[in-house]
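Every chain is numbered from 1, with letters handed out A, B, ... down the list of sequences. Note: hydrogens, waters and symmetry copies are ignored here, and every other heavy atom, side chains too, is used.
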Amino acid sequence: MHTQLDVNGRAYALDHDPRTTLLDALRDHIGLYGTKKGCDHGQCGACTVLVNGRRINSCLTLAAMHDGDEITTVEGLGEPGALAPLQQAFVDCDGYQCGYCTPGQIMSATGMLEEAKAGDPSHVSASLSGDVALDDSEIAERMSGNLCRCSAYPFIRQAIHSVEGKE
Amino acid sequence: MSVATPLPHDSAPLHVTGRARYVDDIPAPAGTLHLAFGLSPIARGRIKAMDLAAVRAAPGVVRVLTREDLPNACDTSPSAHDEPLLAEGEVFYAGQAVFLVIATSHLAARKAARLGKVEYEEMEPLLSYDETLAAGAEFEAEPRVWQKGDAGAAIAAAPRRLTGRIEIGGQEHFYLEGQAALAIPDDGGAMHVVTSTQHPTEIQHKVADALGLPMAMVRSECRRMGGGFGGKESQGNALAVACAVAAKLTGRACKMRYDRDDDMVITGKRHDFRIDYDVGYDDGGRIAGIDFTQVTRGGWSMDLTLPVADRAMLHADNAYHLPACRITSHRLRTNMCSATAYRGFGGPQGVLGIERMMDEIAHVLGIDPVEVRRVNYYADCAGGGGGGGPSAPRSAAPSPPERYLEQDRSPGSGHAMSGALAGAGKRFGAEHSPVARPVEPQTTPYGMEVKDFLLNGMTAKLLADCDYAGRRAAIRAWNERSPILKRGIGFSPVKFGISFTLTHLNQAGALVHVYQDGSIHLNHGGTEMGQGLFQKVAQVAAARFGVDVAQVRITATDTAKVPNTSATAASSGTDLNGMAAMAACDAIRERMAECLAGLHQAKPEAVVFEGGEVRVGEAAMSFAQAATLCYENRVSLSATGFYRTPDLAWDRIRGQGRPFFYFAHGCAVTEVAIDTLTGENRILRADILHDVGASLNPAIDRGQIEGGYVQGAGWLTTEELVWDDKGRLRTHAPSTYKIPACSDRPPVFNVELWDGENPEATIYRSKAVGEPPFMLGISAFLALSDACAACGPHYPALDAPATAERVLAAVKRARG
């Protein structure tokens, strides 16, 4: 079947099996390998991308469901030499070790910062309405869907916090 | 200077932009085929019949192989040649590869593999400790027994005695990047294999064996892994061999990666252990003698079980000077996946055995667990690495750096040290007042003298810094007012031996080229799995040439560049490869110095490599100009370097010798809370003081310490492996196997590096850091035990992992 995807501002016309996940479409059809396959179960977060600005596990959704959608992958945020602030913060804070979960962490954090800005509450928020103060426990809770086996969590949180503070 | 600097990871800009390539991200040659194994669903049985017609007929399938189609057993074992690539008439665990599908896509191969019809004659699998012991299914003819003194007599004569048992679960590596390999046929029957592996040489060796080729015909390469933790030391062999065999048969590139569930079912994990202790001690908690019996389940093949179980014995003393000790170790052959290397390599299990015992002694005596530990510590040693007690100022000084520079640097000569090492030398030692050294040498249960112990001073500092005493009192008071929630605090030290216990593995090689434009190409035998090894070694190379680390090009580990490498394991990567790289750099630097000195009528010793410049007397030029000049004067600008760890001697049968070059130390205090109605628990705070010698890169070392602690705490709390009574692993995905998430990291987490230098002549006097901090997670386990103990008068005897269920059971035991 045919699906039109807008990935990082570029249009792609895919001819694919209806069961192809968005993750496999990005990696195998488009050749963007930055989005990683960690578990293929929607449980590790390594495949996180933005769909129309919202974060999503790309292994748990079919490419066919995103006809015409705007997809942002880690390659679309910035590149070496012209990093996005969050990417730079991960470099500055050593927010990784092996790096395999990093694209997912950064995409997830990008989406998460927008959610918080929009006032979306989390499990640990004191109130369901009003402004969200992104303290350490809020960041930890909102990032708990992105596993890092090297457990670079302290530095990941620090990186996210540093960007959140600046904005 | 580039060493002792918190530089970011070598691939930092690539990681954050998704441009760092892992095996599955490398664009494969056109026509690449994909592989999948057909797996045994049962734990033990004979294969009666195999009908693979449906597999062969499935869309996209190119070939299907069984044992009969292979040129030989295609053994994938790292040790005993007991792991045929595909089952030979019998299966020994649920998840064993029975046939291999070669197809045009990953998905086609996996789908087809499900269509195999294999009939088995099922047999009763050996699973539990007791039934396997009773069946006598052990990897060695006899259990290993090591002794120091007469433990039986010492225990009998002691005023007090207790016996106990702890069961310790295994651990799934859960490297985020699953196992993966790509084999590309090369000219003349040669094979090029790209693998996610900690041990490229073993991959080369196993592929060469399977293909009947000399090792020189196989090239094995690894740029980076998405995590290893020991799980890629031997467990990648099967994929690499399968790809190579299939590539040879089809003439096409072949690629294989395990999906997460397959990965968890097929590959080995940390060894689980059951440890019995029988200890004699006095009213002050001082130990007179211990008898440990360690039993571990090694799974269906030997893999690395013997050295892992040896290391559990080697760490049975942890940080304590035992007058008499007997350690018995049984290594069981069970019908489960073959347990393998995992960060700490048996050490953590051995350490947990004695830490649990210390905890129980303290409970019986009603004294602070830290005090029981302190009275049994080895004594701190003079020259053991500087630093001071809780109030001692951080300062520099005793052991003379000049002597070390002149005598201990085997490959480099004494000259031209001016740039890199002079600064490092200034940081040597400290004016500290260590606990007086005993007259008799203090030895471990395996007869090694402990000469660099630091934990008395470190413990004093950590306890003061985190207000251990005040918090313990506050927690006791809080618990008295809190009937449902209970808090607990735990302390644990670690003394970890650094070196491979198979002595010949303690060697490394490096290859360095300086190009005529002054850029530097660095290669060595170590592999990068996120631990920052490549950056640390690049920092060493940059320091030797006095240039910025950006001038050093780090390249993939490649058996065609540096041969006969050891696995990047045993925390030894930086120690070994850093020294080898230094030797290579120094060889080139000496040649350059000699050439430039000749041109300027100076002595080679007067040539200084510093700040991106090379100075000869008054003359100064950039490193690039120096390289050009040397090239034009026909100087060889390429060299290999080699290093072997000195002074090691080890007899594993007798359990005697000096298996380790030195010890790395650390200690931690963790505070937790439990819910006594549900067993739910969480870590509230952790404080760590860890010894990395003179850190090559404090940022990377800190990451290793924090990550090690969290992973260690995960092992002992939420990470539970469950096999059913048929021997099937039921926890084979992150949905059922819980590793720590971002929200599980302690909300208060203080990590400090102990300021000192390694008294042994390691690379810039640093210490290994990969494994030792893993054991600091034990303090979280002990804190949970402490919280359970607050519920009643009895010892809670908590087993690991301390899941909510086990915490609840321990609370019940405490209440009686």
Side-chain angles (χ1 to χ4, degrees), chain A residues 17 19 24 27-28 31-41 43-44 46 73-75 77-81 83-84 86-92 94-103 105-106 124 136-137 139-157, chain B residues 6 8-9 11-22 24-27 105-107 173-178 224-229 257 259-261 528-532 699-700 702-704 706-711 713-714 733-735 739-747 749 751:
Chain A
D17 184 290
R19 294 163 293 187
D24 285 345
R27 292 180 58 87
D28 301 341
L32 288 172
Y33 294 104
T35 308
K36 303 300 181 196
K37 186 175 280 196
C39 72
D40 223 9
H41 286 156
Q43 292 155 1
C44 77
T73 71
V74 71
E75 291 96 338
L77 284 192
E79 52 189 75
L83 299 178
L86 197 55
Q87 291 173 316
Q88 187 60 49
F90 269 69
V91 173
D92 295 342
D94 271 320
Y96 40 72
Q97 284 179 28
C98 80
Y100 202 79
C101 73
T102 310
Q105 301 279 0
I106 290 176
V124 299
D136 201 46
S137 70
I139 292 177
E141 169 60 24
R142 290 164 186 266
M143 291 301 293
S144 62
N146 288 79
L147 298 177
C148 169
R149 185 45 150 171
C150 306
S151 303
Y153 298 125
F155 292 160
I156 291 172
R157 284 156 70 159
Chain B
H9 191 281
S11 300
L14 302 182
H15 284 326
V16 299
T17 55
R19 281 154 176 89
R21 279 182 183 172
Y22 302 82
D24 198 32
D25 305 334
I26 298 169
S105 77
H106 175 76
L107 203 57
H173 302 85
F174 209 90
Y175 25 67
L176 251 281
E177 178 210 20
R224 64 172 64 81
M225 283 162 273
F229 315 113
R257 71 173 166 79
D259 275 75
R260 182 58 62 182
D261 291 80
E528 177 62 46
M529 60 194 106
Q531 82 279 43
I700 286 174
R702 193 172 287 271
Q704 287 297 303
E706 293 178 352
Y709 170 88
V710 173
Q711 204 175 74
S735 51
I739 72 166
C742 197
S743 44
D744 296 317
R745 162 260 195 211
F749 199 6
V751 176

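Judged by distance alone, with hydrogens and angles left aside, the side-chain atoms of B:Glu706 form no donor-acceptor pair with the main-chain N or O of A:Pro154 at under 3.5 Å. No side-chain donor-acceptor contact under 3.5 Å links A:Glu141 to the backbone of A:Ser144.
Options B:Pro27, B:Ala12, B:Gly228 differ in how many heavy-atom pairs under 4.5 Å they form with chain A, and the most are formed by B:Ala12. When each of B:Pro734, B:Pro13, B:Gly708 is scored by its heavy-atom pairs under 4.5 Å with chain A, the top score falls to B:Pro734. Options A:Ser151, A:Ala140, A:Cys98 differ in how many heavy-atom pairs under 4.5 Å they form with chain B, and the most are formed by A:Cys98. With chain B as partner, the option from A:Gly31, A:Ala84, A:Gly99, A:Gly78 having the largest number of non-hydrogen pairs under 4.5 angstrom is A:Gly99. Interface check for chain A: of the options B:Ala20, B:Ser735, B:Ser105, B:Pro746, the most heavy-atom pairs under 4.5 Å are formed by B:Ser735. Between chain B and the options A:Glu79, A:Arg142, A:Gln105, A:Gln88, the largest number of non-hydrogen pairs under 4.5 Å is found for A:Glu79.
Both tests pass for B:Arg260 against the ring of B:Phe174: distance under 6.0 Å to the centre and angle within 45° of the axis.
In this structure, the portions of B:Ala699 lying under 4.5 Å from any heavy atom of chain A include both its backbone and its side chain. Neither the backbone nor the side chain of B:Tyr709 comes within contact range of chain A; no heavy atoms are under 4.5 Å apart. Of the atoms belonging to A:Ile106, it is side-chain heavy atoms, and not backbone ones, that fall under 4.5 Å from chain B. When heavy atoms are compared at a cutoff of 4.5 Å, B:Pro747 approaches chain A solely by way of its backbone atoms N, CA, C and O. Using a 4.5 Å cut-off between heavy atoms, B:Arg745 contacts chain A through both its backbone and its side chain. The contact between B:His173 and chain A is made entirely by backbone atoms, counting heavy-atom distances below 4.5 Å. Using a 4.5 Å cut-off between heavy atoms, B:Ser11 does not touch chain A at all. Neither the backbone nor the side chain of B:Asp744 comes within contact range of chain A; no heavy atoms are under 4.5 Å apart. Residue contact with chain A, scored on non-hydrogen atoms closer than 4.5 Å, involves the side chain of B:Arg257 exclusively.
For the residue pair B:Asp261 / A:His41, a side-chain donor-acceptor distance below 3.5 Å is found, with atom types taken as modelled.
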request  = Go through A:Lys37 and B:Asp259 one step at a time and tell me if the salt bridge (charged side-chain N to carboxylate O under 4.0 Å, His left out) criterion holds.
outcome  = CA-CA 9 Å; A:Lys37 186 175 280 196; B:Asp259 275 75; 5.2 Å; no

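Annotation for A:Phe90 and A:Ile156: closest pair CZ-CG2, 3.9 Å, computed over non-hydrogen atoms.
The side-chain contact (heavy atoms from CB on, under 4.5 Å) check on A:Cys44 picks up A:Cys39, A:Ala46, A:Leu147, B:Leu176, with sequence neighbours excluded. With sequence neighbours excluded, the residues that form a side-chain hydrogen bond (donor to acceptor under 3.5 Å, both in side chains) with B:Asp25 are A:Arg27, A:Lys36.
Side-chain contact between A:Glu75 and B:Thr17 is absent, with no heavy atoms from C-beta onward closer than 4.5 Å. A:Val91 is listed as a side-chain neighbour of A:Tyr96, based on a closest heavy-atom distance under 4.5 Å.
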